[in-house]
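What follows is a set of notes on a single structure, which appears directly below.
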Number of protein chains: 2
Amino acid sequence: MDVGGKPAPKTRKTSWKKDPAAVKEDILEVATIAFAAHGLSGANINEIAAKTETSKRMIYYYFGDKEGLYCQVLERVYASLRSSEDKLNVAGLDPVAALRRLVHATFDAHSNAPHFIRLVMIENIHNADYLRKSEIVPQLNRSIIVKLEEVCARGKAAGQFREGANALQLHWLISAFSFYNVSNKATFSASFGGALFGRPAQEQLKAQVADMVLAAVVIGYDPVAWGADQSD
Amino acid sequence: MDVGGKPAPKTRKTSWKKDPAAVKEDILEVATIAFAAHGLSGANINEIAAKTETSKRMIYYYFGDKEGLYCQVLERVYASLRSSEDKLNVAGLDPVAALRRLVHATFDAHSNAPHFIRLVMIENIHNADYLRKSEIVPQLNRSIIVKLEEVCARGKAAGQFREGANALQLHWLISAFSFYNVSNKATFSASFGGALFGRPAQEQLKAQVADMVLAAVVIGYDPVAWGADQSD
DNA sequence: CATGAATTTAACCCACCGGTACATTTTCTT
DNA sequence: AAGAAAATGTACCGGTGGGTTAAATTCATG
């Protein structure tokens with residue numbers, strides 16, 4: 001009955017909010033930070049609840065248990081990163097420029113999404129047990145592959161890309177750089193110093209990485225960034 | 001009596017062993033697996049103790065507390081990986097071949113050291129707080145940089161490598177591939193399928209990665225592996 | 001306003017687990 | 001043999017923290 005859906009959820013009458021969506025969002029926001037900081041077993045539900053506008057009981061009311069909360073945090077953060085990737089439009093660009101733009105954007109997106117990185121690290125510690133249960137994540141991830149496939153196809157059609165160029169492998173390559181750069185910053189710095197993680201070094205790294213990817217895919221590409229400054 | 005120092009550790013008189021080193025090793029071995037599997041907070045001391053030849057009491061006797069145990073596990077696993085790297089001798093090889101060999105070896109070493117990978121991941125979750133306290137790890141890590149520097153120097157002297165080639169950046173590149181390939185296997189497979197993680201695909205990936213690194217560093221290098229099979 | 005469903009509060013429970021107390025056994029030294 | 005020191009066994013503690021119980025409050029609806 002009544003197709004129009006529920007009455008606009010914004011109408012708060014007197015004292016209470018009765019705004020479940022907002023409460024859930026609040027919990028997810030806090031939980032994201034907590035799980036990203038301490039992991040699944042390391043995060044503390046009481047602490048999470050304390051930083052919330054609501055109470056521990058509500059966490060269990062809406063999410064069932066700790067794992068349920070964790071799963072939704074995971075899905076939310078995946079969706080957020082992929083949506084930031086989707087904003088990128090490379091359809092009009094020359095394939096080489098498009099690919100370079102994609103590499104730069106992925107590198108930056110990872111740099112700017114530390115919560116995502118940490119949660120994926122944590123999920124890998126758990127052998128992706130929770131991610132595998134998700135129905136939305138695999139679908140989310142299609143989009144980046146589609147985008148790369150499209151660029152590859154155009155590059156090959158233009159005779160610029162090698163025939164072996166492969167979207168999945170490309171994504172693996174680009175992700176490896178971009179992910180490791182954030183995920184292993186702590187141990188890498190502890191082992192070798194922080195020289196690579198300052199502003200200029202990161203820009204140079206980004207340019208070099210793009211150059212490497214292009215050199216791998218583009219026929220006769222002549223890398224320029226290695227040892228030189230390069231901007232987009 | 002007896003010459004050679006302590007009485008051969010095998011001579012058990014009556015009941016006890018009196019072999020603290022072996023007991024510690026046993027504990028570290030079990031703890032490595034446990035911490036790698038569940039993380040610092042996730043691992044359970046009682047469980048670790050149960051899988052040991054000895055008792056929980058001994059863990060605290062030798063390692064003080066959980067964190068003390070974790071730290072020694074971490075150092076042990078770092079030492080193990082680096083020592084496997086040290087076995088590799090590239091001094092006699094042409095710089096290009098030497099670098100390719102180094103990439104391949106690093107890739108394989110990471111593939112074959114899942115415990116190391118997981119513990120480094122876990123340590124990154126903890127912002128390398130424990131690694132930073134270690135005195136031996138930074139020293140261990142010098143050796144790989146030294147080796148790369150030596151190859152770079154030879155490559156430049158021979159006019160084969162770009163002047164911008166830099167050992168630290170190279171190590172970062174090589175590690176990024178090799179590490180990500182193992183660390184993110186679970187989530188990557190969950191997201192995009194396991195196609196890249198079978199035997200042949202891994203070999204191809206390894207060859208392509210080596211090709212990319214070489215293309216970045218070697219003047220006028222013409223990549224061959226992208227899309228073709230290539231062995232070492 | 002009565003009713004019942006949705007939402008929220010406060011107090012509580014209790015298993016688990018990191019860590020310890022204390023006694024005891026074995027080995028080493030002399 | 002004796003005593004010190006190292007190594008080990010056993011039993012226990014107590015707080016932490018995930019999860020629950022039951023009752024109260026709010027809101028939509030008739």
Side-chain angles (χ1 to χ4, degrees), chain A residues 1-2 4-28 30-31 34-35 37-73 126 130, chain B residues 1-2 4-28 30-31 34-35 37-73 126 130:
Chain A
M1 53 273 304
D2 104 303
K6 35 197 72 169
K10 283 287 125 187
T11 60
R12 66 189 53 175
K13 295 293 170 63
T14 53
S15 48
W16 271 20
K17 328 223 180 122
K18 201 81 172 196
D19 192 349
V23 173
K24 279 194 228 178
E25 252 313 287
D26 177 32
I27 294 172
L28 283 174
V30 173
F35 283 128
H38 310 295
L40 176 51
S41 56
N44 181 324
I45 292 278
N46 289 317
E47 254 175 50
I48 292 174
K51 291 184 181 153
T52 298
E53 309 251 304
T54 174
S55 66
K56 174 162 78 160
R57 182 64 185 80
M58 293 314 297
I59 295 176
Y60 287 94
Y61 183 68
Y62 283 123
F63 300 97
D65 59 7
K66 198 184 191 183
E67 295 190 355
L69 177 59
Y70 171 79
C71 286
Q72 296 216 22
V73 162
H126 294 282
Y130 305 97
Chain B
M1 2 228 96
D2 37 38
K6 38 193 66 171
K10 284 288 130 185
T11 61
R12 63 189 54 177
K13 297 296 175 56
T14 52
S15 48
W16 274 18
K17 316 182 188 172
K18 192 74 179 204
D19 194 349
V23 173
K24 278 195 230 177
E25 253 315 284
D26 177 31
I27 294 172
L28 283 173
V30 173
F35 283 128
H38 310 295
L40 176 51
S41 55
N44 181 325
I45 291 280
N46 288 319
E47 253 175 51
I48 292 174
K51 291 185 182 153
T52 297
E53 308 253 303
T54 174
S55 66
K56 175 161 80 159
R57 178 70 186 76
M58 295 315 297
I59 295 177
Y60 286 95
Y61 183 67
Y62 283 123
F63 299 97
D65 60 6
K66 198 184 191 184
E67 295 190 355
L69 177 59
Y70 172 80
C71 286
Q72 296 215 22
V73 162
H126 294 283
Y130 304 96

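Model, not experiment: these values are computed from the prediction. Chain letters run A, B, ... following the sequence lines, proteins first, then strands; residues in each count from 1.
To the nearest 0.5 angstrom, S55(A) atom OG is 11.0 Å from N46(A) atom CG. Note that NE2 of H126(B) and CG of L40(B) are 4.5 Å apart. Values are rounded to the nearest 0.5 Å.
For the pair L28(A) and Q72(A), the tightest heavy-atom approach, listed with the atom from each and the gap, is CD2-CB, 3.9 Å.
In this structure, the side chains of H38(B) and N44(B) stay at 4.5 Å or more apart for every pair of heavy atoms. In this structure the side chain of Y60(B) reaches within 4.5 angstrom of the side chain of K56(B), judged on heavy atoms. Proximity of K24(A) to Y61(A): side-chain heavy atoms (C-beta onward) are nowhere separated by under 4.5 Å.
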Where protein sits on nucleotides 13-18 of chain C, one letter per nucleotide: B base, S sugar-phosphate only, - none, heavy atoms under 4.0 Å: ----BB
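R57(A) contributes no side-chain N or O that forms a donor-acceptor pair with the base of dT7(C) under 3.5 Å.
Comparing dT9(C), dA7(D), dA21(C) by their closest approach to the side chain of S55(A) singles out dT9(C).
Straight-line distance from the CE atom of M58(A) to the C1' atom of dT25(D): 12 Å, rounded to whole Å. The separation between K24(B) atom NZ and dA6(D) atom C1' is 12 Å, rounded to whole Å. Rounded to whole angstrom, the span from the CD1 atom of I59(A) across to the C1' atom of dT20(D) amounts to 14 Å. Between the OH atom of Y61(A) and the P atom of dA24(D) there is a distance of 18 Å, rounded to whole Å. If you take OH of Y62(B) and P of dG19(C), they are 19 Å apart, rounded to a whole angstrom.
Residue contacts for F63(A): at a heavy-atom cut-off of 4.0 Å it reaches no nucleic acid atom on any strand shown.
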